[in-house]
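Within every chain, numbering begins at 1; the chains are lettered A, B, ... in the order of the sequence lines, protein sequences first and strands thereafter. Since this is a predicted model, take the numbers as computed values, not measurements.
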Number of protein chains: 2
Amino acid sequence: MDSPNALQALAALAHETRLAIFRLLVETGPDGLPAGVIAERLAIAPSSLTFHVQHLHRAGLVTQSRAGRQLIYVAGFAAMNGLIAYLTENCCQGAACAPLQRSA
Amino acid sequence: MDSPNALQALAALAHETRLAIFRLLVETGPDGLPAGVIAERLAIAPSSLTFHVQHLHRAGLVTQSRAGRQLIYVAGFAAMNGLIAYLTENCCQGAACAPLQRSA
DNA sequence: TTCTCATTTCAAATTTTCTTAAAATGTCCT
DNA sequence: AGGACATTTTAAGAAAATTTGAAATGAGAA
């Protein structure tokens, strides 16, 4: 992941509502959740949910697919993995953040 | 690191200028850099630098100390470590981001 | 087709964040 | 004390992000 992408991912997560959405989707796993359920669980307006979830989508942190008349959102683990790798490589030089290592 | 702190750290890094400041300080290492040098290297106004560096400071991502009449800023690795740990633990459940493991 | 339901799009209002320049603070030197 | 330098503080305006509600789209059911 390069700096512009990392910046986009950081900005996407740097909002209370969006971080909550992402965490809910991570917790939910690969089946994801329809927009309406996310909005209901987090008590936010539908159009507000769309706004935030699209922000996450642009950053690759969320995947969208249709199931009948509902849109299912799933956490995008690759992007999160990329962000963590970016932070580890670019912001932890000099062994200062040595406790983290890649194993696979 | 808890969610409010993680949110603060994410917001602090989610800006082009602040990410550049932080990366510069990581690259520089434990000696850090005086405010003026950072501002000069990144070509930003002094007061603008203060604004951004304070944002990083509030999030614990930067440390401040005085040397004569200049203020030295140093990257705060503990906070970055905490952020990476938060993301790994809260946003990568279910082995989806398994490639990252703690070793120390 | 027509009626719902689920969601998104749009535009306006609001709020938050960022930039800028001028004035203030703190330190060192003479 | 008085002057010069490094940085911060302040206040104003500019720019960007967020919220809201109403209207539009897309899909399934009658």
Side-chain angles (χ1 to χ4, degrees), chain A residues 3-25 28 31-76, chain B residues 3-25 28 31-76:
Chain A
S3 289
N5 283 160
L7 203 51
Q8 194 174 30
L10 287 167
L13 293 171
H15 188 278
E16 196 174 8
T17 299
R18 287 192 297 268
L19 187 57
I21 292 171
F22 188 75
R23 293 232 287 157
L24 178 58
L25 291 178
T28 300
D31 288 348
L33 289 174
V37 173
I38 303 173
E40 191 191 15
R41 292 249 194 112
L42 302 179
I44 57 183
S47 64
S48 189
L49 174 85
T50 296
F51 174 81
H52 288 299
V53 95
Q54 281 179 347
H55 212 311
L56 289 166
H57 190 222
R58 262 178 262 128
L61 286 162
V62 134
T63 271
Q64 189 193 54
S65 65
R66 185 174 279 282
R69 54 180 117 174
Q70 42 198 12
L71 285 171
I72 309 295
Y73 289 98
V74 179
Chain B
S3 289
N5 282 161
L7 204 51
Q8 195 175 29
L10 287 167
L13 294 171
H15 188 277
E16 195 174 8
T17 299
R18 288 192 296 268
L19 186 57
I21 292 171
F22 187 75
R23 294 231 288 158
L24 177 58
L25 291 177
T28 300
D31 288 347
L33 289 174
V37 173
I38 302 174
E40 192 190 14
R41 292 249 194 112
L42 302 179
I44 58 184
S47 64
S48 188
L49 175 86
T50 296
F51 174 82
H52 288 299
V53 95
Q54 281 179 346
H55 212 311
L56 289 166
H57 190 223
R58 264 178 261 128
L61 286 162
V62 135
T63 272
Q64 188 194 54
S65 66
R66 186 173 279 281
R69 56 179 115 169
Q70 42 198 12
L71 286 171
I72 309 294
Y73 289 97
V74 179

D:dA15 P sits how many Å from B:Glu16 CD, rounded? 17 Å
Could you tell me how far apart B:Leu71 (CG) and C:dT25 (C1') are, to the nearest whole angstrom? 11 Å
Close side-chain approach of B:Ile72 and B:Gln64, heavy atoms under 4.5 Å: no
Check this one for me: any side-chain N or O of B:Thr50 less than 4.0 Å away from OP1 or OP2 of D:dT7? no
Between B:Ala9 and B:Leu61, what is the shortest heavy-atom contact and its length? O-CD1, 3.9 Å
Whether the side chain of B:Ser47 and the base of C:dA21 hold a donor-acceptor pair under 3.5 Å is what I'd like checked. yes
With nearest nucleotides of DNA chain D determined for A:Arg66 and B:Gln54 from heavy-atom distances, which residue corresponds to the more 5′ nucleotide? B:Gln54
Backbone of B:Ala11 reached by a side-chain donor or acceptor of B:Arg18 within 3.5 Å: yes
Below 4.0 angstrom from OP1 or OP2 of C:dT7, is there any side-chain N or O of A:Gln64? no
Starting from C1' on C:dT8, measure out to CZ on A:Arg58 and report it in whole angstrom. 13 Å
Going by side chain to side chain contact (heavy atoms under 4.5 Å, CB included), B:His52 matches just one of B:Ile38, B:Leu42, B:Val62, B:Thr17. Which one? B:Thr17
Check every strand shown and say whether B:Glu40 touches a base, only sugar-phosphate, or nothing at a heavy-atom separation below 4.0 Å. nothing
Between D:dA17 atom P and B:Leu10 atom CG, what is the distance in whole Å? 16 Å
How long is the line joining CZ of A:Arg41 and P of C:dA6, in whole Å? 16 Å
Testing D:dA4, C:dC18, D:dT18 for proximity to the side chain of B:His52, the answer is C:dC18
Could you pick out which residue, B:Phe51 or A:Ala14, lies toward the 5' side of DNA chain D when each is mapped onto its nearest nucleotide? B:Phe51
Residue A:Ala35, side-chain heavy atoms: nucleotide from C:dT8, D:dT8, C:dC18 that is nearest: C:dT8
Check the distance between C:dT16's P and A:His15's NE2 and give it to me in whole angstrom. 10 Å
Nearest-Å distance for atom pair CD/C1', residues A:Gln8 and D:dA17: 15 Å
In whole Å, I'd like the distance from the CG atom of A:Leu33 to the C1' atom of C:dA6. 15 Å
Of the nucleotides C:dC28, C:dT8, C:dT19, which has the atom closest to the B:Arg69 side chain? C:dC28
Might you point out which heavy atoms bring B:Gln70 and B:Pro34 nearest each other, and give the distance in Å? OE1-CB, 3.7 Å
Check whether any side-chain N or O of A:Tyr73 sits under 4.0 Å from OP1 or OP2 of C:dA6, and answer yes or no. no
